[in-house]
Amino acid sequence: MIINRKEDSVTSIHKRWHFTQVNPSSYKFSLTIYELSAVILAIISYLSFQLDLLSIGIGIALAAATVPAFIFLDFVLLRGIPVNKVSKVIHVSAFAYLLWLMTLIFGLVSNFLFEKNTELSTYIVEGMFMAIGLRYGIFVSVFGAGRLRSLIVALIGPLIFLFVSLWNSAFQVGSSLIAIVFGAIIVSISVIWSVYADGSGRPKIKSTFEVLQAFLLAWTEKKKENIETIFESRANLQDISTRVLRFRNEANDEVSLVLPEIHPGPFSPIGGSNLPFLLFKFFQRKAIIFHSVSDHSLNLPSSTEVEKYLNSLERCSLKSEGKCCTLPIQLVSTDFTVTGMAFSSTALIIVSKNKGMEDLPFSFRLSIENKMSQFGIQELFVVDAHNGVGEKINQDEEYDLFNLASECLGQLKVANRYPFKISYFNSDSRYSRLVNAEDIGESGLGVVGFEINHLKFVLGWSDSNNIVEGLKTKIIDKAKESRINMLEVITSDSHSSSGKRTKKGYYSLGDKTDHTLISNIFMDLALHALRGLRTSYFQMLQSKAHIKLMGAEQFNIYSSALNKAMKITKICIAVTAVIYLTILAVS
């Protein structure tokens, strides 16, 4: 049975990620914008009063000199606020003074277009209030200063700049009544916006801005305590299982294929974002950590819950064991590749979409698990290969996948079982060029090798969040050239590389590391794994944990608050834009 689905809240939240990329990545670029805006404002102001070159030169030098002073002033006035940093103050100032300059330029253009003779000081004052309104909005929402404090700090810098660097325009402020009225309206809109946007999540979220500030602390400063406290307070206790296929050879060496029901996330360094590496360490660095059919509702909300989960793995119970398995069966359709192996009555199914996809839906897992007993399967490992960037699969695709997976289980049911050999090899710290790679987690790359009925196979694994388009095919093709049968290349869906300034919000394998290097390392790992094959037996283990998970409702709350806040923001921006353009046209 296929269950109807709709767009989830995580997808809705992720669509807003691009707003985090609005400010420049470098504070030096913002500082340049700030300096140029201040200097150009001064030049236009002094030229309009036909001052001599010496006076203009002194004025420009004074305007440039005020920039570092005002950065320091803002930083001091906002002291004690966790998000407060000099780089952030510079970004705010760059946007504010650029808006101030643009208002002045637009005003001069409107004079020309509408054949007006409005005083330059009017546009300067209007631009100043636009800058104040913007500064207030950022200080109260992003920095987390109180409304009164944000308003005072937003006013002080621009007012001092007006009277110190644009003094010739400042003394005409009294005659610019329309500019002062405009300014009062703009600042009032900013205050009204802050009240309603901050309350957009009520009653479930007392302060939307508080969540935003906690997120920014975690994202930019790696200070996760505040956001983890928020996440954990709304998390729910659930029973979660972890399945492990553990292989042992005659030398008592172990290799573990681990399938946690928990999803890595939500983003680095929060909760279980680096869970695959923690599991990799727990299983003595000889493991592949699969990505189960799960989504962000199954995120561990805090480091405390991660520790509880890891402790639960000490209490694994033996479900079955044996010495034989089937040859791999791989079925390919237009959209999907399903790879299956059976170890006695335990089946392993790996699902990959040829053009990539988001997390497999729970409905697929439920559908295939409901049918597994028909194929004599008692334990089923359903693995999401998570090896290509793409959208969520639709219902038609899910139906086709269900049929393909069912056919694979049917073939496994009647397939012969054989004794097998197995080995594992991992890049770990052996490859210096992978150390600190931004698109590869701390577990690195790994390969597990099988020999079944005199035929050899390998499965490649990367501790990463997805694989860039074309790289998986390149790795498998290179393996074929080396006469290596590489069944798949899969990932852990580690979120240790998340929170990046990219469209996706993270780096996939191949985004930063050279593709040829990755392919060559996989070939080297495969050759090592195939040389180390030893006769083994398997144990199917399972552990249970009663821990807090974030749950879907928590993301629904954040998504709803964010959507409401965005609507309020759009309305306020639209009203401001209408007033702004009207004033420029008629003043």
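For the numbers below, each heavy atom of this structure counts, side chains included, while hydrogens, waters and symmetry mates do not.
Within 6.0 Å of NZ on K204 lie no more than 12 heavy atoms contributed by other residues, nucleotides or ligands. More than 12 heavy atoms of other residues, nucleotides or ligands lie within 6.0 Å of OH in Y580, so this atom counts as buried by the packing criterion. In E469, the CD atom is not crowded: 12 or fewer heavy atoms of neighbouring residues, nucleotides or ligands sit closer than 6.0 Å. Shown here is E391, whose CD atom has no more than 12 heavy atoms of other residues, nucleotides or ligands within 6.0 Å.
With hydrogens and angles disregarded, a donor-acceptor distance shorter than 3.5 Å links the side chain of N84 to the backbone of L78. Distance alone, capped at 3.5 Å, is enough to place a donor-acceptor pair between the D463 side chain and the S443 backbone. No donor-acceptor pair closer than 3.5 Å links the side chain of D493 to the backbone N or O of N465. Looking at S312, its side chain does come within 3.5 Å of a backbone N or O of Y309 through a donor-acceptor pair. Of the possible donor and acceptor atoms, none in the side chain of N236 sits under 3.5 Å from a partner among the backbone N and O of M550. Panel note: side chain W100, backbone I124; a donor-acceptor pair is recorded below 3.5 Å.
The shortest heavy-atom contact between P264 and S273 is CB-O, 4.3 Å. Between G551 and F555, the shortest heavy-atom contact is O-CD1, 3.4 Å. Here the shortest heavy-atom pairing between L120 and S45 reads CD2-CA, 3.7 Å. Of all the heavy atoms in A565 and A197, the pair that sits closest is CB-O, 4.2 Å. When every heavy atom of K548 is checked against every heavy atom of L300, the shortest pair comes out as O-CD2, 3.7 Å.
Two residues are said to be in side-chain contact when any heavy atoms from C-beta on lie closer than 4.5 Å; H291 and H263 meet this criterion. Under the 4.5 Å side-chain criterion, counting only non-hydrogen atoms from C-beta, M128 is in contact with L159. Between I440 and K512, the closest side-chain pair of non-hydrogen atoms is not below 4.5 Å. Using a 4.5 Å cut-off on side-chain heavy atoms (C-beta onward), S492 and F290 make no contact. Two residues are said to be in side-chain contact when any heavy atoms from C-beta on lie closer than 4.5 Å; P266 and F231 meet this criterion. Residues L151 and V140 fail the side-chain proximity criterion, which asks for heavy atoms closer than 4.5 Å. By the 4.5 Å heavy-atom criterion applied to side chains, F143 and V89 are counted as neighbours. With a 4.5 Å cut-off on side-chain heavy atoms, I518 and D514 do not count as touching.
Of the candidates R135, K85, R79, D74 forms a salt bridge (charged side-chain N to carboxylate O under 4.0 Å, His left out) with just one, namely R135. Only one option out of Y97, F161, F95 pairs with Y34 in a ring-ring contact (aromatic ring centres under 6.0 Å, His included); it is Y97. Here the options are T576, T569, D198, the test is side chain to side chain donor-acceptor pair (under 3.5 Å), and the partner is W193; only T569 passes.
Aromatic ring centroids of H296 and H495 lie under 6.0 Å apart. Between F215 and F267, the gap from one ring centroid to the other is short of 6.0 Å.
The pair D428-R285 meets the salt-bridge criterion, since a charged nitrogen lies less than 4.0 angstrom from a carboxylate oxygen. In this structure, E221 pairs ionically with K88, as a charged nitrogen and a carboxylate oxygen lie closer than 4.0 Å.
A donor-acceptor contact closer than 3.5 angstrom links the side chains of S302 and E232. No side-chain donor-acceptor contact under 3.5 Å links S464 and Y507.
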Report task. Take R147 and S194 through the side chain to side chain contact (heavy atoms under 4.5 Å, CB included) test and state the conclusion after the steps. Result -> CA-CA 8 Å; R147 294 191 185 99; S194 69; 3.6 Å; yes
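The CG atom of N387 lies 10.0 Å from the CG atom of L471; values are rounded to the nearest 0.5 Å.
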